[in-house]
Amino acid sequence: MLDYQELIGRYSEKNTANEADYAKAWLQVASRKEDLVELAVIGGLLADRMAWVFVAGYQSALRHTFASIPLDGIGAFAVSEDRKGDPPLPGVRSHHHEGQLHVSGYKTWVACSQSLAYLIIKADGGEAARYYCLPRQTAGLTLQDKHGNFLSEMSQGVAQLDGVAVPEALDHGAVGWFGIRETLYIYMAFCAWAGKRGASTADCQGLLNRLAALVAQPPVDASRLEELKAVDASVQGLRAALALEDDERWQADQRLIAMYSPSIQKRQI
């Protein structure tokens with residue numbers, strides 16, 4: 001069982017004002033950790049802001065979903081495509097060229113675009129959908145870095161793929177659970193972070209144990225769905241109780257935790 005008290009004594013938040021600093025601190029731990037729950041918790045303890053809480057949970061979710069991806073770098077899972085442009089940017093589609101499968105198109109939201117080492121992309125849709133892991137330096141892959149008002153310290157770029165030759169497709173049997181596992185790992189990183197900002201460490205320990213049980217076995221029956229909703233409610237209570245009125249970043253970015261709750265509470269088997 002995860003020992004949060006032991007971890008909170010060993011890992012202190014880092015002064016990581018930029019993405020590169022946090023990526024370096026996280027990778028120093030990630031290179032030695034195979035336990036993804038513990039990695040998410042340590043990532044939350046290293047974080048000094050919510051942007052890095054997101055990164056910590058997101059990286060564990062990626063590794064849980066795609067077991068064969070590299071473990072020596074920051075990754076991103078690019079799914080979002082343009083729906084609002086006039087005209088919209090074309091999505092990523094596959095085509096054959098000289099006997100080799102290539103992909104071309106755009107992905108419009110790439111987390112950690114400045115510091116990522118590899119990019120996981122979804123090409124095509126429906127039953128034809130396939131997933132590929134591309135090193136950052138892949139020929140034909142271009143990343144344009146951007147920042148937004150939400151989680152503003154984290155780069156949130158656009159990927160252009162121009163005739164990119166793709167490797168063998170990834171096993172995507174767990175992709176359907178990525179969204180819920182991403183939420184659970186982010187909640188873990190958040191609970192770890194909150195325990196250093198006035199939240200009860202005993203309460204955080206209890207929530208972390210329950211989150212770990214849920215991430216190991218998704219909510220496929222009524223009892224586990226009920227537990228998921230109960231844990232979500234407790235995490236939202238933890239968020240609401242934090243007295244961080246003077247932290248402007250927290251006021252802007254606590255939405256990271258709040259935004260997952262409506263879909264969880266509406267979820268059905």
Side-chain angles (χ1 to χ4, degrees), residues 1-4 7 33-45 47 50 53-69 75-80 109 111 120 122 125-127 129 131 151 170-195 199-242 253-269:
M1 182 178 294
L2 179 79
D3 188 341
Y4 176 57
L7 292 176
K33 291 291 177 185
E34 295 183 358
D35 185 322
L36 297 178
V37 168
E38 189 170 312
L39 183 58
V41 170
I42 294 170
L45 293 173
M50 292 301 292
V53 166
F54 169 81
V55 174
Y58 182 62
Q59 295 303 309
S60 282
L62 281 179
R63 293 181 176 204
H64 196 144
T65 304
F66 300 104
S68 63
I69 60 177
F77 183 21
V79 176
S80 299
W109 194 82
I120 299 167
K122 176 186 177 183
E127 294 185 0
Y131 299 80
L151 305 179
L170 296 169
D171 179 346
H172 62 280
V175 165
W177 292 110
F178 176 80
I180 194 65
R181 282 185 168 133
E182 177 190 37
T183 302
L184 294 171
Y185 280 119
I186 289 171
Y187 280 6
M188 290 177 204
F190 167 67
C191 289
W193 181 88
S200 162
T201 55
D203 289 347
C204 291
Q205 174 75 74
L207 277 171
L208 288 168
N209 289 341
R210 295 169 72 188
L211 287 162
L214 283 167
V215 85
Q217 182 180 347
V220 293
D221 57 37
S223 64
R224 292 191 67 75
L225 179 58
E226 182 179 353
E227 169 67 353
L228 172 65
K229 293 181 178 182
V231 170
D232 169 66
S234 295
V235 171
Q236 300 309 322
L238 183 67
R239 174 188 59 81
L242 285 178
D253 290 343
Q254 64 173 302
R255 177 163 64 93
L256 170 66
I257 307 305
M259 70 183 188
Y260 295 109
S261 188
S263 63
I264 289 177
Q265 296 302 325
K266 293 177 183 177
R267 192 179 182 97
Q268 297 180 346
I269 295 297

Closest approach of K122 and V79, non-hydrogen atoms and distance? CD-CG1, 4.4 Å

Where the side chain of Q59 meets the backbone of G43, is there a donor-acceptor pair that is under 3.5 Å apart? no

Heavy-atom closest pair, residues A213 and R224: O-NH2, 2.8 Å

Value for CH2 (W193) from CD1 (I186), rounded to nearest 0.5 Å, stands at 14.0 Å

Just wondering, are more than 12 heavy atoms of other shown residues or ligands nearer than 6.0 Å to CD in E226? no

Parallel, tilted or perpendicular: which fits the ring planes of F54 and W109, with parallel below 30° and perpendicular above 60°? perpendicular

Residue pairs passing the salt bridge (Lys or Arg N to Asp or Glu O under 4.0 Å) test where at least one lies in residues 177-192, sequence neighbours excluded: none

For Y58 and Y185, what are the C-alpha separation, side-chain angles and deciding distance, and is it a ring-ring contact (aromatic ring centres under 6.0 Å, His included)? CA-CA 7 Å; Y58 182 62; Y185 280 119; over 10 Å; no

Heavy atoms, side chains only, cut-off 4.5 Å: are Y260 and L184 in contact? no

Suppose we screen for salt bridge (Lys or Arg N to Asp or Glu O under 4.0 Å). Which residues come up paired with K33, at least two apart in sequence or across chains? E38

By ring pair (Phe, Tyr, Trp, His ring centres under 6.0 Å), Y187 pairs with (sequence neighbours left out) none

Students often mix this up, so state it plainly: with edges at 30° and 60°, are the rings of F66 and Y131 parallel, tilted or perpendicular? tilted

Could you grab the distance from atom CG of L2 to atom CG of L211, nearest 0.5 Å is fine? 10.5 Å

